[in-house]
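Below, chain A is the first sequence line, B the second, and so on; all start at residue 1. Note: hydrogens, waters and symmetry copies are ignored here, and every other heavy atom, side chains too, is used.
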Amino acid sequence: MSSVARPVGGKFLTPVTWFFIVLALIGGAFTLARFVFGLGATTAMSDGYPWGLWIAFDVVTGTALACGGYSVAILAYVFNKGKYHPLVRPAVLTSALGYSVAAVAIIIDVGRYWNIWKIPVRVDKWNLNSGLLEVALCVMSYVFVLWIEISPVFMERFKESGHGVLARLSTAILPVLEKVLPFILALGILLPTMHQSSLGSLYLIAWPKLHLLWHTPLLPLLYIISVVGMGYAVVVFEATFSSRVYRRERETAILGSIGNVTAWLTLVYLAIRIVDIALRGRLGLVFRFDGYGLLFLLEFASFLAAAVVLIGRKARVSPATQVGGALLMMWAGSLYRFDTYLVAYRPGPGWSYFPSVGEQAITIGLVALEVLVYVYFVKRFPILSGAPSASASR
Amino acid sequence: MHGGVPRGFQLDTSGVSRRGFLKVCTAAAAAVGLPASAAEKMAEKVASGKKPSVVWLHFQECTGCTESLLRTGHPDVGELILDLISLDYHETLAAAAGHQIEDVLKETVEKQKGKYICIVEGAIPTKEKGIYCKIGDRTAVDILTDVGGKAGAVIAIGSCASWGGIPSADPNPTGAVGAPEILKGKAVVTLPGCPANPYNLLGTALQYATFGTLPKLDEKGRPMFAYARTIHEDCARRPHFDAGRFAQKYGDEGHRQGHCLYKLGCKGPGTHANCSLLHFGEVVGAWPVGIGHPCFGCTEKGIGFTMPLHSTIDIPAPTSPGTYPPVVAEHGGVSALATGVGGVVLGALAGAGVMATRKLGAEGETEKKGE
Amino acid sequence: MTVTRRSALKVIAGAGAACAATALPAPAEGRERRKPGPDDVGLLYDATLCVGCRACVRKCKEANGLPPDRRELQGAVYDAPDDLNAQTKNIIRLHVEGNTTSYVKGGCMHCTDPACVSVCMVGALHKSKGGIVAYDKDLCVGCRYCQLACPFNVPKFEWAKAFPLIVKCELCRDRKEGPACAEVCPRGAIEYGKVTALREEARRRLAAEPKKYNGKVYGESEVGGTHVMYLAAVPFEKLGLPQLPSEPVPELSETISHGIYKGFIAPVVLWSALAVTIWRNRKKGAEGEEKP
């Protein structure tokens, strides 16, 4: 089993990539409409629901799913498990792309995007009470850090190809980067810890409007625990996908142990969640059998199912089980975030929200773009490790 | 009353006492909204022999504005033209005619240059060098340019003189325009209306005659004391509009009840005039809406003689209706299309997930079997 | 160091405990409850005096240069907003229940301790002179967090524009005559003045005519106090004024975030610990292969 990363090679334009290109173009058209006609014309957001699909999914859920790099980095670099190293590069690439897409989504979502530069620059105006300021600065920095983390991939390729300026720059920078890497990697673990928990903290202030089964002072804690699990789930999913499509060996055992960690984290999450609700005397709301009680039960069941699937013996050896568990985990974590941000958020009577066609199209377009870039990078740059599997005959 | 009136003053012509004369001036001042002090000033001017000279030109007109002026009582028109002003040229009212009156005009224009008030009634045709209206062998354009140009103040009375009025209605075969278009560069007070409310003229003319100043004008030269507000703003039937009580047809129940005439084509919301406040012929209630006919916007260029009588006008400055928003407002629903699309997307993702897992499971089985 | 179930759990439990300890809201001693300043201004709206003439709504639109909300009702077009929105900073609503009616004014409450100010990243919404909650469009990014945070759903957004603003009452802070609504009210239902004086006046009215009112001044203590206060005969919830505790909206979130990030110590410590651990691990790795 080779653990050296290599470009996958092959044509970029295939029927599959064409499918995603079309989706991206449709999203692009709606994005143009958003900037020309404004948010009211293209989205279903309103004064009652100022945050919609783009925040709940593209930013919050999207960055959570993009925390594969974060989650794997913790295992590979902090707990020092070398066996996880092959998973690092694709995970960091996915993270870099995922966070970049989230940043684009933010630029599309905010109304006065031309003032975004003031956030990092106007230090004199920083409101240190604002959780969103922390999220914004953290995410901006983390995008930067992620691209630095993945840069060796490109620099190795440039160095190899010997293409003039880029090759020389890469040759010069790579050793420097190597030396400062611990500090950058440490940032790469600190920053998501900060902002992923803060994404939960954002709703602390919404206590007059957030349903009591979701509002708790422990929101930051619940968010950081669940995000680690989601990150692992994405790694499992993505590693399986790459191994099948690009004929790489599938690291089933490694993925199995990651799944196991995910499962235990999830159980901790569930424990904290239900104990907190009970201690606050809100258990009655769970069994009220109104929409919110049922939704909570659905969330709980989803997380529990994910944990059960990933904890068993089968999850150590069966790719199907691992993928199934990972999907359940991604579903549960996303559902939790959607619920906090949208479904359990009650602005008052008279308001309703469902993402418009435009919002959906732009979200799908951004994901399609992300997939396209991932595929391109994976084919042209040394990201995936493991020699092509001998058993692959299709 | 004390003031600058010389003792023993008496008007020769009418034998009116000083007291009686001051009464006239006071009434005139009050009727047109001038301050009480105006009465004394007016009397002063007259006593000092300085009755302001007024030259009244007639062009493409029906003489309706003159006729409506003749039906005012405060001041009595006789008092007005005999005591308060010197009406030196007026084609309808002058005793003289022909060459005689034209000579008077010439003399007045020369002798009182820069001092007389020129009142214009009727539109001025401009097509084919203005031959469609000639008086004393001069075209209206020439007369106005000469007489209006040399006047101290020019007042255009009626819609015809203000912006063209009826003669200018489509297709405007004579090229009729209002006085301001001929006297470009000169401040022309316009008093549109068909006829214009005579009190608007009296107020403006008497202010100028007494104080030498013109009332505050809007961008179309209309005195703001009369034309700043729309009929709609001061209409007595406004509560019916706000409450949504409309007459739909002439003679129906709403019409009989005196409800709002908006749906019958009332142009009140777009028409600047004071007819709703100062009714016609000094009879209370005698104005179009008051007698049950919608206002047709006779003062407004673009509305009067342009928009059909019974077509509904847009409301340029909407105000609150008689109803109120509730404590909890409903804010629209959710798009069925979007929900459908969302359902399809979620379904597709779920389906893909299930399929992927199954496929992997099947492969796992075959691999196992193969080992 | 292998990642066993046990070690993972230990780490997580430790982290969890740490988080929980810092996340549990410290009693308010950490964050003082504010009071209106001596020069803070506000409004007192007495619903029992209001006759629903809406002169305040018209004047507000005029003073702020806001366009009418054109709506067709009953076959004609009116300026009929159904709620506060991007063209309406002040509104009069009607409550009817059987024989009881009451009007109620709607607009920014100008809280003593506003949620919107707490969440605004670069202070576009900020407390200005007189305690007025003011908006600076040059700093606003249009993130709409303020809309989320406000318990009264006051800030509105110009959804229909390509270059949108947040819109809400700013007590006519640039107008030398003061708030247009208070100036024009023909019944004195809207009074403008210092918050402390207005509260005294409200109390005086309640004491002088207790049967006329519902016994409370809305805004005296709700969410830490608001500078726009209400008197009414009808219970406030029926007028759309929500029952809220006296805890200021930002108290919990600020206590937690400042607790965690105090002096930025925790992040720096965590980062240092991570950097050292990673550096050591890499050194170990370079010195010899560890077992997979």
Side-chain angles (χ1 to χ4, degrees), chain A residues 23 26 30 40 42-49 52-53 57 233 236-238 240-241 243-245 250 252 255 309 314 317-331 334-335 338 347-361 363-364 367 389 391-394, chain B residues 239-246 269-270 312-371:
Chain A
L23 288 179
I26 295 175
F30 275 98
T42 42
T43 74
M45 290 186 283
S46 61
D47 291 321
Y49 283 93
L53 179 70
F57 181 75
V236 168
F237 179 75
E238 185 238 330
T240 309
F241 159 80
S243 83
R244 290 207 75 249
V245 176
R250 191 177 183 283
T252 304
L255 295 174
V309 166
K314 208 158 180 233
V317 293
S318 161
T321 312
Q322 289 176 352
V323 167
L327 287 173
L328 274 172
M329 190 62 231
M330 285 159 61
W331 154 256
S334 309
L335 181 64
F338 258 83
W351 296 102
S352 57
Y353 169 77
F354 191 86
S356 70
V357 171
E359 284 172 90
Q360 294 178 51
T363 297
I364 292 170
V367 172
S389 171
S391 61
S393 50
R394 272 171 239 106
Chain B
H240 295 301
F241 173 88
D242 289 343
R245 293 186 287 261
F246 299 102
T312 326
I313 191 176
D314 278 338
I315 311 278
T319 52
S320 307
T323 52
Y324 292 84
V327 166
V328 174
E330 278 306 311
H331 290 281
V334 146
S335 153
L337 174 66
T339 318
V341 171
V344 166
V345 171
L346 279 174
L349 286 171
V354 169
M355 265 176 57
T357 324
R358 281 226 192 104
K359 221 175 174 199
L360 280 170
E363 272 167 29
E365 288 302 308
T366 38
E367 270 177 29
K368 260 206 218 152
K369 287 199 184 118
E371 278 162 15

Of the backbone (N, CA, C, O) and the side chain (C-beta and beyond), which part of [X] lies under 4.5 Å from a heavy atom of chain B, both, or neither?
| X | result |
| --- | --- |
| A:Thr240 | side chain |
| A:Pro355 | backbone |
| A:Leu53 | neither |

Search all heavy atoms of B:Ala338 against all heavy atoms of A:Ser356 and return the closest pair with its distance.
CB-CA, 3.8 Å

Against chain A, label B:Val334 side chain, backbone, both or neither, depending on which of its atoms sit under 4.5 Å from a heavy atom there.
both

Tell me, side chain or backbone of B:Val328 under 4.5 Å from chain A's heavy atoms, or both, or neither?
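When you check distances to chain A, only side chain atoms of B:Val328 fall under 4.5 Å.
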
With a 4.5 Å cut-off on heavy-atom pairs, point out which of B:Gly340, B:Gly333, B:Gly342, B:Ser335 contacts chain A the most.
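Most heavy-atom pairs within the cutoff with chain A belong to B:Gly342.
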
Measuring from A:Leu328:CG to B:Thr357:OG1, what's the distance to the nearest 0.5 Å?
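If we round to the nearest 0.5 Å, A:Leu328:CG and B:Thr357:OG1 are 8.0 Å apart.
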
Can you measure from CZ (A:Phe354) to CG (B:Leu337) and round to the nearest 0.5 angstrom?
10.5 Å

Quick check for you: among A:Gly48, A:Gly324, A:Ser352, A:Ser46, which has the greatest number of heavy-atom pairs under 4.5 Å with chain B?
A:Ser352

Can you confirm whether more than 12 heavy atoms, excluding those of A:Phe237, are under 6.0 Å from its CZ atom?
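Counting neighbours around CZ of A:Phe237, 12 or fewer heavy atoms of other residues, nucleotides or ligands fall under 6.0 Å, so no.
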
